[in-house]
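Fair warning: this is a prediction, and the values are worked out from it, not measured in the lab. All chains are named by letter (A, B, ...) in the order of the sequence lines, taking the proteins before the strands, and each is independently numbered beginning at 1.
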2 protein chains.
Amino acid sequence: MLELMRNWRPQPSTAFYKKQPESSELGRRIISEGLIFMQEIGFEAFTFKKLADRLQTTEASVYRYFENKHHLLLYYMSIYWLWLEYHLTFGLHNLPEKDSKLNKALDMITRPDQLNWALSDLSFDHLLNLVVTEWGKIYFTSQIDKEEQAGLFADYKRFCKRLSKLIAQSHPHYPYPNTLVSTAMNMLFVQRFYADHLPSLTDLTQNDIRITDFIKNLVNGALQNPTA
Amino acid sequence: MLELMRNWRPQPSTAFYKKQPESSELGRRIISEGLIFMQEIGFEAFTFKKLADRLQTTEASVYRYFENKHHLLLYYMSIYWLWLEYHLTFGLHNLPEKDSKLNKALDMITRPDQLNWALSDLSFDHLLNLVVTEWGKIYFTSQIDKEEQAGLFADYKRFCKRLSKLIAQSHPHYPYPNTLVSTAMNMLFVQRFYADHLPSLTDLTQNDIRITDFIKNLVNGALQNPTA
DNA sequence: ACTACTAAATAGTATTACTATTAACTTTGT
DNA sequence: ACAAAGTTAATAGTAATACTATTTAGTAGT
């Protein structure tokens with residue numbers, strides 16, 4: 001598996017960019033420096049002008065690669081989903097019991113820091129921090145329908161669908177598998193955000209490993225409890 | 001109770017505005033027209049310039065009342081919480097059993113459209129729509145710590161704390177009452193948003209009354225299921 | 001009638017997000 | 001070898017946005 005990962009890299013779809021950033025030195029620098037920078041100053045304050053200054057290039061050059069800064073944010077998000085999906089595929093392989101598959105999956109998604117990150121040019125910490133702080137701005141935008149149409153949410157949707165199917169298989173009578181999965185996924189990021197900024201809204205602390213317990217209890221509880 | 005409401009109006013704290021909007025004709029028009037307009041064109045597209053044009057006044061005049069458009073959004077949010085809290089207080093009064101109190105509360109927050117709205121100048125539908133579409137931008141902003149400091153999130157925090165206490169009383173051994181409550185509150189808005197824009201991520205449809213069943217099952221399931 | 005205060009309009013500025021065009025450099029075919 | 005074709009990025013913009021400083025008009029109290 002580690003062997004495999006050496007040659008494997010998440011390749012976000014062409015929908016995210018105008019010019020493939022992996023194809024040039026500047027493109028690669030936009031991706032790697034952009035992540036650090038966007039996480040540092042926040043999505044609103046982040047502009048292509050500022051990034052260009054930092055890269056010693058120009059605003060227009062950055063616009064050659066990405067249509068706007070939101071597409072760049074979604075590009076990062078895509079990398080996250082592709083990476084997590086890759087791990088999930090291998091992690092669940094050959095696990096026979098459906099119930100243990102779901103719980104293994106919950107372990108993996110709630111403790112992503114325990115999984116192998118092999119993208120030397122991108123910092124996992126920066127990526128996770130970015131997702132946590134900007135979660136509300138990723139899939140909750142005024143451009144939602146247009147961006148959805150363009151396929152920019154495909155990775156997130158596919159990932160959720162995969163988990164919902166695990167639930168549908170192990171608990172065929174539970175009526176809300178998709179709702180339950182999207183609830184869990186949202187809470188992974190929202191509760192971390194609350195721990196950092198609105199601690200009175202959560203019982204968890206920063207990087208609290210009890211997030212796994214909370215999510216597992218939530219999901220398993222919902223599945224075992226009768227619905228109307 | 002209906003008698004009482006005739007003389008009662010949610011009064012957001014002074015932290016939200018520079019000049020009390022209820023104190024002048026223009027101020028009141030900013031609130032009522034602003035809600036409709038912001039909901040119509042979305043928070044990003046909404047500007048004080050455009051609102052001023054619509055009100056046949058000037059940008060600068062609007063800025064006399066609100067520091068920026070985010071404060072106006074939070075002002076609306078405050079009205080929502082104050083109104084819901086008012087109903088909760090009366091609705092739970094004299095209900096003896098703690099367990100039924102929690103379930104009554106869940107009924108109320110999941111079906112706010114069933115509660116009495118008595119603000120003739122503000123449309124409940126517009127307010128709920130605004131909250132649903134802009135939820136991600138309300139408490140997940142780059143200004144979070146500053147706004148928190150200014151007390152702009154006090155209503156939301158107080159409301160959640162109230163519900164957490166119900167849980168802590170009925171289920172004193174459950175370790176995540178605050179996390180569970182903020183999960184439920186988030187899902188009220190996020191799942192509606194998904195129903196509208198990313199339907200594959202939820203099993204609910206627009207205005208689906210099963211949101212009550214989903215949330216009750218989720219909360220009660222979590223409380224009955226053992227944690228680590 | 002004079003002062004004090006409130007309300008709202010005028011006229012700005014700095015920044016932002018984004019685009020059109022041009023220049024420089026590489027690669028490729030003959 | 002060398003011109004055509006393609007790639008990459010710089011120059012130089014624009015329209016819109018968020019926000020402010022200053023001025024004018026109106027109203028209330030003494």
Side-chain angles (χ1 to χ4, degrees), chain A residues 14-34 37-38 40-76 134 137-138 141-144 146-147 150 152, chain B residues 14 16-34 37-38 40-75 134 137-138 141-144 146-147 150 152:
Chain A
T14 57
F16 294 101
Y17 50 79
K18 292 203 289 192
K19 185 178 295 262
Q20 159 85 272
E22 300 289 338
S23 73
S24 79
E25 179 55 26
L26 179 64
R28 284 186 292 271
R29 291 205 302 141
I30 287 171
I31 300 302
S32 61
E33 276 292 305
F37 193 43
M38 192 187 281
E40 268 176 18
I41 67 172
F43 182 71
E44 282 104 322
F46 176 92
T47 71
F48 280 174
K49 174 80 170 63
K50 290 179 192 164
L51 176 62
D53 288 350
R54 198 170 150 130
L55 294 176
Q56 311 242 52
T57 180
T58 63
E59 207 182 355
S61 302
V62 181
Y63 274 105
R64 305 226 125 231
Y65 292 87
F66 291 94
E67 210 164 307
N68 54 52
K69 63 179 181 173
H70 197 249
H71 280 219
L72 178 57
L73 176 61
L74 289 169
Y75 181 93
Y76 291 131
E134 313 301 352
K137 291 154 217 156
I138 297 177
T141 139
S142 57
Q143 301 293 303
I144 174 105
K146 213 172 82 188
E147 292 185 342
L152 302 183
Chain B
T14 58
F16 294 100
Y17 50 79
K18 293 202 289 191
K19 183 179 296 260
Q20 158 85 274
E22 300 289 338
S23 73
S24 80
E25 179 55 26
L26 180 64
R28 284 186 292 272
R29 292 205 302 141
I30 287 171
I31 300 301
S32 61
E33 276 291 305
F37 193 42
M38 194 188 278
E40 269 177 17
I41 67 171
F43 182 71
E44 283 105 322
F46 176 92
T47 71
F48 279 174
K49 174 80 171 62
K50 290 178 192 164
L51 176 62
D53 288 349
R54 197 170 149 130
L55 295 175
Q56 311 241 53
T57 180
T58 62
E59 207 181 352
S61 301
V62 181
Y63 274 105
R64 306 222 125 233
Y65 292 87
F66 291 94
E67 209 164 306
N68 53 52
K69 62 180 182 173
H70 198 248
H71 280 220
L72 178 58
L73 176 62
L74 289 169
Y75 181 92
E134 313 302 350
K137 292 153 214 157
I138 298 176
T141 139
S142 56
Q143 302 293 303
I144 174 103
K146 212 171 81 187
E147 293 185 341
L152 302 183

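A:E67 contributes no side-chain N or O that forms a donor-acceptor pair with the base of C:dC18 under 3.5 Å.
In summary, of the residues considered (B:E147, B:K137, B:Q143), a side chain to side chain donor-acceptor pair (under 3.5 Å) with B:H70 occurs for B:E147 alone.
Distance CD (B:Q143) to P (D:dC19): 9 Å, rounded to an integer number of Å. Rounded to an integer number of Å, the gap from CZ of B:F43 to P of D:dT17 is 14 Å. B:E44 has its CD atom 18 Å from the P atom of D:dA16, to the nearest Å. Between A:N68 atom CG and D:dA16 atom P there is a gap of 18 Å when expressed in whole angstrom units. Rounded to whole Å, the distance from CD on B:E25 to P on C:dT6 is 19 Å. Rounded to an integer number of Å, the gap from OH of A:Y63 to P of D:dA10 is 16 Å. The separation between A:L51 atom CG and C:dA17 atom C1' is 14 Å, rounded to whole Å. Regarding A:F46, its CZ atom lies at a distance of 16 Å from the C1' atom of C:dT15, rounded to whole Å.
Considering only side-chain N and O atoms, A:T58 lies under 4.0 angstrom from the phosphate OP1 or OP2 of D:dA10. Considering only side-chain N and O atoms, B:K69 lies under 4.0 angstrom from the phosphate OP1 or OP2 of D:dA18. Put simply, A:K49 has no side-chain N or O that comes within less than 4.0 Å of OP1 or OP2 on C:dT15. Taking only side-chain nitrogens and oxygens, A:T57 comes nearer than 4.0 Å to OP1 or OP2 of D:dA10. Here B:K50 reaches the OP1 or OP2 of D:dT17: one of its side-chain N or O atoms lies under 4.0 Å away. OP1 or OP2 of D:dA9 lies within a sub-4.0 Å distance of a side-chain N or O belonging to A:Y65.
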For the pair B:Y17 and B:H71, evaluate side chain to side chain contact (heavy atoms under 4.5 Å, CB included) and give the outcome as yes or no after the intermediate values. CA-CA 7 Å; B:Y17 50 79; B:H71 280 220; over 6 Å; no
Could you walk me through whether B:R54 and B:E40 satisfy the salt bridge (charged side-chain N to carboxylate O under 4.0 Å, His left out) test, starting with their C-alpha distance in whole Å, then the side-chain angles of each, then the deciding distance to 0.1 Å, before giving a yes or no? CA-CA 13 Å; B:R54 197 170 149 130; B:E40 269 177 17; 3.3 Å; yes
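Within the cation-pi definition used here (under 6.0 Å to the ring centroid, within 45° of the axis), B:K69 does not qualify as a partner of B:F48.
The shortest side-chain heavy-atom distance between A:L73 and A:F46 does not fall under the 4.5 Å cut-off.
Comparing atom distances between the A:S61 side chain and each of D:dA9, C:dC18, D:dT22 picks out D:dA9 as nearest. Taking only side-chain atoms of A:S24, from C-beta outward, the nucleotide of C:dC18, D:dA9, D:dA18 with the closest atom is D:dA9. Picking from C:dA7, C:dG12, D:dT11 the nucleotide with the shortest atom distance to the side chain of A:A60 gives D:dT11.
Map B:L26 and A:A45 each onto its nearest nucleotide of DNA chain C; the residue landing nearer the 5' end is B:L26.
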